J.: 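This structure is in structure tokens; I'll ask about it shortly.
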Amino acid sequence: MMLSKGLKRKREEEEEEPEKEALAVDTWWLDPRLPAVAQAPPAVPSNSLLDLSVLKLHHSLRQSEPDLRHLVLLVNTLRRIQASVEPEATLPSVPSPPEAPGVAADSLLASSDAALSASMASLLEDLSHIEGLSQAPQPLVDEGPPGRPSGGAPPGLGALDLLGPATGCLLDDELEGLFEDIDTSMYDSELWAPASEGLKPGPEDGPGKEEGLELDEAQLDYLLDVLVGTQALERPPGPGR
Amino acid sequence: MAISRGLAGRTVPEAADIISTVEFNHTGELLATGDKGGRVVIFQREPESKNAPHSQGEYDVYSTFQSHEPEFDYLKSLEIEEKINKIKWLPQQNAAHSLLSTNDKTIKLWKITERDKRPEGYNLKDEEGKLKDLSTVTSLQVPVLKPMDLMVEVSPRRVFANGHTYHINSISVNSDCETYMSADDLRINLWHLAITDRSFNIVDIKPANMEDLTEVITASEFHPHHCNLFVYSSSKGSLRLCDMRAAALCDKHSKLFEEPEDPSNRSFFSEIISSVSDVKFSHSGRYMLTRDYLTVKVWDLNMEARPIETYQVHDYLRSKLCSLYENDCIFDKFECAWNGSDSVIMTGAYNNFFRMFDRNTKRDVTLEASRESSKPRAVLKPRRVCVGGKRRRDDISVDSLDFTKKILHTAWHPAENIIAIAATNNLYIFQDKVNSEMH
């Protein structure tokens with residue numbers, strides 16, 4: 001998933017593609033000219049609705065500044081759809097075409113969804129990482145990873161577990177792979193960074209809302225990436241160096 | 001009366017001309033509109049004159065100014081749109097008018113003053129303003145004020161910047177006339193009108209882990225009379241009434257207004273269509289009006305369990321939700337409005353239709369804001385959407401509705417039956433001269 005600065009320049013072209021893909025999706029039952037009876041949403045969504053939602057989410061995430069309301073509503077709707085599809089979304093080790101093509105398709109979908117949800121999870125997590133950065137950097141050294149109830153699960157899962165418990169091990173590699181793929185120069189620009197937050201003086205009556213103090217391993221990794229990967233960045237040496 | 005804001009001769013509406021907000025001031029004398037290009041246009045109602053019975057209190061352009069410019073945030077490599085999201089008038093306290101206008105990130109306070117007199121007879125300057133040759137000045141005179149052509153001057157008095165990380169969706173002036181609040185997707189800030197370098201955060205629903213984010217703030221408003229109370233709505237369809245006296249951070253609501261989901265209408269899109277796009281207190285302060293995708297609801301502040309009234313705006317779309325999801329129309333945010341006496345409510349729909357509901361008679365009407373269907377001063381003809389079955393003449397079928405023509409922004413004069421309807425880049429102002437009753 002591309003998040004580099006260059007994305008903005010290419011945005012216009014890239015905006016076209018997802019739209020065309022969305023329209024190419026099963027349109028027969030999206031045809032408004034069909035009588036109302038046929039329009040009643042089925043108890044189990046067709047793959048087209050799932051595809052459509054995933055495409056929309058992907059498209060929304062690729063905006064330089066996604067509309068948060070749109071994103072949240074999409075994600076929640078996608079969760080609902082996935083929740084009904086889930087019983088079929090088990091990952092067979094070798095999908096056998098003659099026996100269960102539907103299951104294979106669902107599992108492929110599930111794995112691509114997992115990648116997407118991992119992207120989304122990492123993006124949403126980036127938000128909190130970046131906010132933590134712009135606030136007091138000093139506590140980073142002293143505070144170890146706090147007691148985050150993650151257990152063995154990678155930080156990217158959390159509430160998105162329902163999207164595929166079987167894909168848990170996939171996500172481990174996916175997350176690592178994601179960060180390897182991403183050009184670290186993207187961390188130059190603090191996406192959605194509340195630079196303004198750091199600058200805002202005066203009383204902020206928010207007890208217990210200091211994100212800078214809540215850290216975990218992933219956040220430290222991220223920091224290291226920033227510090228190591230961006231030599232051009234003119235920041236004072238961060239903690240840990 | 002229809003006022004077109006597009007340039008004459010243009011068939012394709014200019015994107016920058018798309019009206020993004022409409023707001024009457026407290027007397028109804030002035031009407032402000034904001035557009036996608038960051039401009040504000042203020043209309044003033046002409047006083048009714050016996051000499052010109054045709055211009056019975058019609059609105060003419062009073063002032064136009066550029067409120068916001070596009071900005072580029074170099075740190076985040078993002079463009080900040082200049083589109084005006086909301087305008088709110090301050091109660092008038094002297095000869096000048098003031099309003100707040102906001103884009104996604106910055107709120108500005110504008111002062112609008114009139115100048116209709118000019119001093120003449122300076123001792124040191126001549127009429128053109130050039131310095132006089134002092135040797136020609138033999139006596140002193142007192143400059144006198146002479147009338148001049150009316151000049152409307154607009155100046156920015158305050159800029160409230162850097163208060164919001166996310167996109168501002170609402171602003172609301174407090175009844176104390178000293179403070180106002182601004183809300184973005186996750187936070188609400190309280191500002192003092194005279195102080196621009198700081199604000200108080202009064203609501204923060206940002207989760208510790210952004211991946212746990214499931215709900216955003218969609219609209220908020222101060223109570224019209226109680227300066228300590230305000231309400232905010234969410235994308236999950238709930239309303240939270242908060243009391244600023246209870247705590248500095250109003251994360252705990254005083255009241256939570258939520259209607260349980262109707263199991264017979266449950267679908268994958270239930271949450272999206274329950275998302276509240278607008279919330280307005282009644283003038284009395286006793287009720288709240290909310291708009292979600294298919295309905296408008298009236299809530300009694302004393303009853304949290306469910307709304308006291310629900311009106312279907314366009315229920316025929318309920319079976320089309322999947323198509324509307326595909327073309328993103330299901331995410332459209334419509335506004336709603338009360339009339340001055342809180343007896344009629346209004347909201348926009350598609351195909352340039354807007355709907356009015358009389359709370360007393362329970363009658364409703366669908367009207368259209370378009371040049372084709374309304375000549376100036378002609379009576380608007382009620383429209384009907386037919387869903388199948390018997391079709392009357394002039395009915396529109398659901399499938400021929402134009403979903404690109406949406407009436408998102410509407411406003412009602414605070415006292416009279418005058419409404420302002422924004423249809424893309426055109427502003428329509430309708431007046432009910434005959435009677436004040438809905439029929």
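The sequence lines fix the lettering, A, B, ..., with proteins before strands; numbering per chain opens at 1. This one's a predicted model, so the numbers in the text were calculated from it and none came from an experiment.
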J.: Side-chain contact, heavy-atom cut-off 4.5 Å: A/Leu71 with B/Leu213?
T.: no
J.: What is the minimum heavy-atom distance between B/Tyr325 and A/Leu52, and which atoms define it?
T.: CD2-CD2, 3.8 Å
J.: Distance check, rounded to the nearest 0.5 Å: A/Ile81 atom CD1 versus B/Phe269 atom CZ?
T.: 6.0 Å
J.: Heavy-atom cut-off 4.5 Å, strictly under: side chain, backbone, both or neither for B/Ser397 against chain A?
T.: neither
J.: Roughly how far, to the nearest 0.5 Å, is CE of B/Met210 from CG of A/Leu68?
T.: 5.0 Å
J.: Please determine whether the number of non-hydrogen atoms from other residues, nucleotides or ligands lying under 6.0 Å from atom CZ of B/Arg384 exceeds 12.
T.: yes
J.: Checking heavy atoms, do the side chain of B/Ile217, its backbone, both or neither come under 4.5 Å from chain A?
T.: neither
J.: B/Ser235 versus chain A, heavy atoms under 4.5 Å apart: side chain, backbone, both or neither?
T.: both
J.: Heavy-atom count around B/Lys405 NZ within 6.0 Å, excluding the residue itself: above 12?
T.: no
J.: Can you find a heavy atom in the side chain of A/Glu65 that is under 4.5 Å from one in the side chain of B/Ile80?
T.: no
J.: Can you see which heavy atom on B/Thr214 is nearest to which on A/Arg79, and at what distance?
T.: CG2-NH1, 3.5 Å
J.: Of the non-hydrogen atoms in B/Glu261 and A/Arg80, which two are nearest, and what is the gap between them?
T.: OE2-NH1, 3.8 Å
J.: Under 3.5 Å, is there a donor-acceptor pair between the side chain of B/Asp185 and the main chain of A/Arg69?
T.: no
J.: Relative to chain A, which segment of B/Tyr316 carries a heavy atom at a distance below 4.5 Å: side chain, backbone, both, or neither?
T.: neither
J.: Roughly how far, to the nearest 0.5 Å, is the CG atom of A/Leu73 from the CD1 atom of B/Ile273?
T.: 11.5 Å
J.: If you define the side chain from C-beta out and look only at heavy atoms, does anything of B/Phe268 sit under 4.5 Å from A/Ser84?
T.: yes
